[in-house]
Amino acid sequence: QVQFLESGGGPAQAGGSLRLSCGVIGYYVGINCMAWFRQAPGKEREGVAAISTGGRRIYYADSVKGRSTISQDKDKNTMSLQVNSLVPEDTGMYYCAVALRPCGGWYNDFGQFTYSGEGTQVTVSS
């Protein structure tokens with residue numbers, strides 16, 4: 001059973017920054033891709049960023065590219081996402097997800113991920 005400790009969500013101001021963290025507890029051998037998804041009210045869940053084990057492959061959605069950094073501490077089975085220059089469109093529930101295959105162009109397909117967390121809410125006000 002895989003469990004996640006997601007943190008860092010909450011209210012934020014436009015123009016500010018946030019840092020989300022995801023810790024994986026339990027079975028983690030075989031995890032090759034970790035990602036963040038978000039879902040805004042009334043919208044589909046979208047992939048925000050993904051990182052392969054070891055950090056060799058990193059992907060960002062166009063909506064956050066250039067103002068976000070995803071990182072991984074493999075020894076601690078944690079992943080973080082730093083988002084700067086926040087905009088109200090960054091509002092949503094952010095989910096941590098893991099896949100057993102290496103990250104690829106499919107990183108934004110939530111159905112490809114084996115496990116995901118309960119999510120942490122981010123609300124950006126202007």
Out of curiosity, does V98 fall in the hydrophobic cluster containing L100 (side-chain heavy atoms, cut-off under 4.5 Å, transitive links)?
yes
Atom CG of L86 and atom CD of Q13: how far apart are they, to the nearest 0.5 Å?
10.0 Å
Taking every non-hydrogen atom, the tightest pair across S126 and A14:
CA-CB, 3.9 Å
Aromatic plane relationship, Y107 with Y59 - under 30° parallel, 30 to 60° tilted, over 60° perpendicular:
parallel
Ignoring hydrogens, what is the shortest heavy-atom contact between S52 and C103? Give both atom names and the distance.
N-SG, 3.4 Å
Spacing of CZ belonging to R56 relative to CG belonging to N32, to within rounding of 0.5 Å:
8.5 Å
Main-chain N/O of P88 paired to T91 side chain as donor or acceptor, under 3.5 Å:
yes
According to the salt bridge (charged side-chain N to carboxylate O under 4.0 Å, His left out) rule, which pairs have a member within residues 77-103, sequence neighbours left out?
R38-D90, R67-D90
Residue set satisfying side-chain hydrogen bond (donor to acceptor under 3.5 Å, both in side chains) with K43, at least two apart, ordered chain then number -> none
Apply side-chain contact (heavy atoms from CB on, under 4.5 Å) to A49 and list each qualifying residue two or more places apart in sequence or on a separate chain.
Y60, I70, L81
Relative to F110, does R45 satisfy both conditions: NZ or CZ under 6.0 angstrom from the six-membered ring centre, and within 45 degrees of the ring's axis?
yes
Examine V24 and V48 and state if one hydrophobic cluster contains both, with Ile, Leu, Val, Met, Phe, Trp and Tyr joined whenever side-chain heavy atoms are less than 4.5 Å apart.
yes
Cluster check I58, V64: I/L/V/M/F/W/Y, side chain < 4.5 angstrom
yes
Would you call F113 and C33 a side-chain contact if the rule is heavy atoms closer than 4.5 Å?
yes
Tell me the closest heavy-atom pair linking E6 and Y94, and the distance in Å.
OE2-O, 4.0 Å
Consider only side-chain heavy atoms of I, L, V, M, F, W and Y, link residues closer than 4.5 Å, and tell whether I51 and V2 are in one cluster.
yes
Candidate pair I31 and T114, rule side chain to side chain contact (heavy atoms under 4.5 Å, CB included), full reasoning:
CA-CA 9 Å; I31 291 176; T114 308; over 6 Å; no
Quick one: closest heavy-atom pair of Q121 and G92, and the distance?
NE2-O, 3.5 Å
State whether the number of non-hydrogen atoms from other residues, nucleotides or ligands found under 6.0 Å of E118 atom CD is greater than 12.
no
Chi angles and distances behind the ring-ring contact (aromatic ring centres under 6.0 Å, His included) call for F4, Y95
CA-CA 10 Å; F4 298 84; Y95 300 88; over 10 Å; no
Going from CD on Q82 to CG on L18, what distance comes out if it is rounded to the nearest 0.5 angstrom?
7.0 Å
For a quick test of reading the model, state the closest non-hydrogen atom pair linking S85 to S17 and the distance between them.
N-OG, 4.4 Å
Counting N and O atoms only, with roles assigned by atom type, does the side chain of T120 sit under 3.5 Å from a partner on the main chain of G9, one being a donor and the other an acceptor?
yes
With no hydrogens and no angle check, is any side-chain donor or acceptor of Q72 less than 3.5 Å from a backbone partner on N77?
no
Smallest separation among heavy atoms of S71 and R19, with atom names
OG-NH2, 3.9 Å
